[in-house]
> 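Sharing a structure below in structure tokens format, with a few things to ask.
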Amino acid sequence: MTAVNRTEQAYSEAQEKYGEYGVDTDRALTALREIALSIHCWQGDDVVGFEGDSSLEGAGIQATGNYPGRARTPGELRADFEKAHSLIPGTHRISLHAIYAETNGKQVGRDELAPEHFRGWIDWAKALGIGMDFNPTFFAHPRARDGFTLASYDESIRKYWVNHGIACRRIGDHIGRELGSACVNNIWIPDGFKDIPADRKTPRMRLKQSLDEIFAIEFDPDNLLDSVESKLFGIGSESYVVGSHDFYVGYAIEQNTLYCVDTGHFHPTENVADKITSLFTYIEELMFHISRGVRWDSDHVVLYNDDVREIAGELVRGDYLRRAHIGLDFFDASINRVAAWVIGTRATLKALLNALLEPREMLQKFEANSDYTSRLAMMEEVKTLPFGAVWDYYCLQNDVPVGKAWYDEVKHYEGEVLLKR
């Protein structure tokens, strides 16, 4: 029996097992196929970008490790992304930061960036048939050295970053129109204090003023979707972050923007999944940055773990998938970067498939009838259903390697391409 036949037979048996719980596996696979994850470009080059000022690398962001093969040019980064995308089932998106502009060696201020500086990325995405999301870059810059950007007390610095935000929205609008798919433009800033502040109010009032100025121009939501991202604390902002969870939730509700839930931006003991139904009650659409913090916002590669499974479960149980924009945000320079992309993205897709295979109608019926014993018993039983066979079949359907075969391709690519850089 061939490997293909074994995969198909295992799926047939799994289909029957899941059917006993009222789960249609074909329907779950169809739903998964409609999900396009927004895969972050910055895993491929350790969040360095192409501005050329190595003295600022890591300022505000830390990617640790020195594994060989980091992408150094737009061509290398795009090639690495294509390799990773070819090993991930489904058609996905790329998420780009402003520091990945192609300026042909010219010094262009971030407040002067324009769609033309991303022409190469847009043409490439169009040829690949994928959508693109965008992120202003409010870090690793001389005007962010004191840790403040949109909330800066220095009006010239604040205005510079406001103009950067406006420029990025224009770029995002252009990307959305060119690719025929709305571009999520997500704002995250590092602003905050290392030690106890004497005034928590003023920086937040200045941030609101800046955001209002950035969002003053209206764009077609078919092309551009605005998103704001909070954080609990950061390196250099351990005591106070201006753009906190509470601040941005309020702003998103008031201004009808997306709110970005970054799973690494909360306290390690917080249950991020539990926030989803509350947020969706008041906010129409959410952006997610799926990450894995270890003791702090360290952005480790996403794994198929309880945290990610619970988030996926809440998105499916609440019927929120069409209102959710699911992206990734991690950067590990200590391992093969292409492998990191594949591991994290496939793990997220596995979590979504696992959620789609949950017999939620049965479980919710038990709950509605106060039959908590049956609910708990069945929750335990479904944990050992042959999920792996369904996942392997999905990979087969999408013509990507099944099981560990993808890693053989990555190692070959490493030897032929990455180690020769």
> Could you tell me whether a side-chain N or O of Asp173 sits under 3.5 Å from a main-chain N or O of Arg169, the two making a donor and an acceptor?
no
> Answer yes when Glu178 and Arg119 have at least one side-chain N-carboxylate O distance shorter than 4.0 Å, and no when they do not.
yes
> Using a distance-only test with no angle check, is there a side-chain donor-acceptor pair under 3.5 angstrom linking Trp391 and Asn354?
no
> How far apart are the C-alpha atoms of Ile214 and Asp226, what are their side-chain angles, what is the distance that settles it, and do they pass the side-chain contact (heavy atoms from CB on, under 4.5 Å) test?
CA-CA 10 Å; Ile214 291 172; Asp226 293 302; over 6 Å; no
> Quick one: NE2 on His85 to NE2 on His92, what's the gap to the nearest 0.5 Å?
5.5 Å
> Determine whether the side chains of Arg110 and Thr137 contain a donor N or O and an acceptor N or O closer than 3.5 Å.
no
> Between the side chains of Asp306 and Arg309, is the shortest nitrogen-to-carboxylate-oxygen separation below 4.0 Å, so that they form an ion pair?
yes
> Is the closest side-chain donor-acceptor distance between Tyr259 and Ser230 under 3.5 Å?
yes
> Do His245 side-chain atoms and Leu232 backbone N/O form a donor-acceptor pair below 3.5 Å?
no
> Report the C-alpha distance between Trp124 and Phe81 in whole Å, list the side-chain angles of each, state the deciding distance to 0.1 Å, and finish with yes or no for ring pair (Phe, Tyr, Trp, His ring centres under 6.0 Å).
CA-CA 11 Å; Trp124 167 78; Phe81 184 92; 5.7 Å; yes
> Compute the ring centroids of Trp188 and His289, then answer whether they are less than 6.0 Å apart.
no
> Scan side-chain atoms only and decide if Ser291 and Asp329 contain a donor-acceptor pair under the 3.5 Å cut-off.
no
> Is any side-chain N of the basic residue among Lys208 and Glu254 closer than 4.0 Å to the acidic one's carboxylate O?
yes
> Examine Tyr248 together with His265 and report whether their ring centres are nearer than 6.0 Å.
no
> Is it true that Lys231 and Asp297 make a salt bridge, defined as a side-chain N closer than 4.0 Å to a carboxylate O?
yes
> Closer than 3.5 angstrom, by distance alone: can the side chain of Tyr240 be matched with the main-chain N or O of Arg200 as a donor-acceptor pair?
yes
> Counting N and O atoms only, with roles assigned by atom type, does the side chain of Arg323 sit under 3.5 Å from a partner on the main chain of Ile283, one being a donor and the other an acceptor?
yes
> For Tyr320 together with Phe288, are the ring centres under 6.0 Å from each other?
no
> Would you call Glu102 and Arg78 a salt bridge, using N to O less than 4.0 angstrom?
yes
> Determine yes or no for a side-chain-to-main-chain donor-acceptor pair under 3.5 angstrom, with Arg93 supplying the side chain and Ile130 the backbone.
no
> For the ring-ring contact (aromatic ring centres under 6.0 Å, His included) test, which of Tyr11, Tyr18, Tyr304 pairs with Phe387?
Tyr304
> Return yes if some donor-acceptor pair links the side-chain N/O of Arg421 with the main-chain N/O of Gly69 below 3.5 Å, else return no.
yes
> Ring centroids only, cut at 6.0 angstrom: are Phe138 and Phe148 within range, meaning strictly under it?
no
> Centroid-to-centroid, Phe139 to His97, below 6.0 Å?
yes
> Is there a donor in the side chain of Tyr251 and an acceptor in the side chain of Asp212, or the other way round, less than 3.5 Å apart?
yes
> Distance only, no hydrogens: is a donor on one side chain within 3.5 Å (strictly under) of an acceptor on the other, for Ser298 and His300?
yes
> Would you tell me whether Ser95 and Asp133 have side-chain atoms, one donor and one acceptor, within less than 3.5 Å of each other?
no
> Hey, is Lys83 close enough to Glu416 for a salt bridge, meaning N to O under 4.0 Å?
no
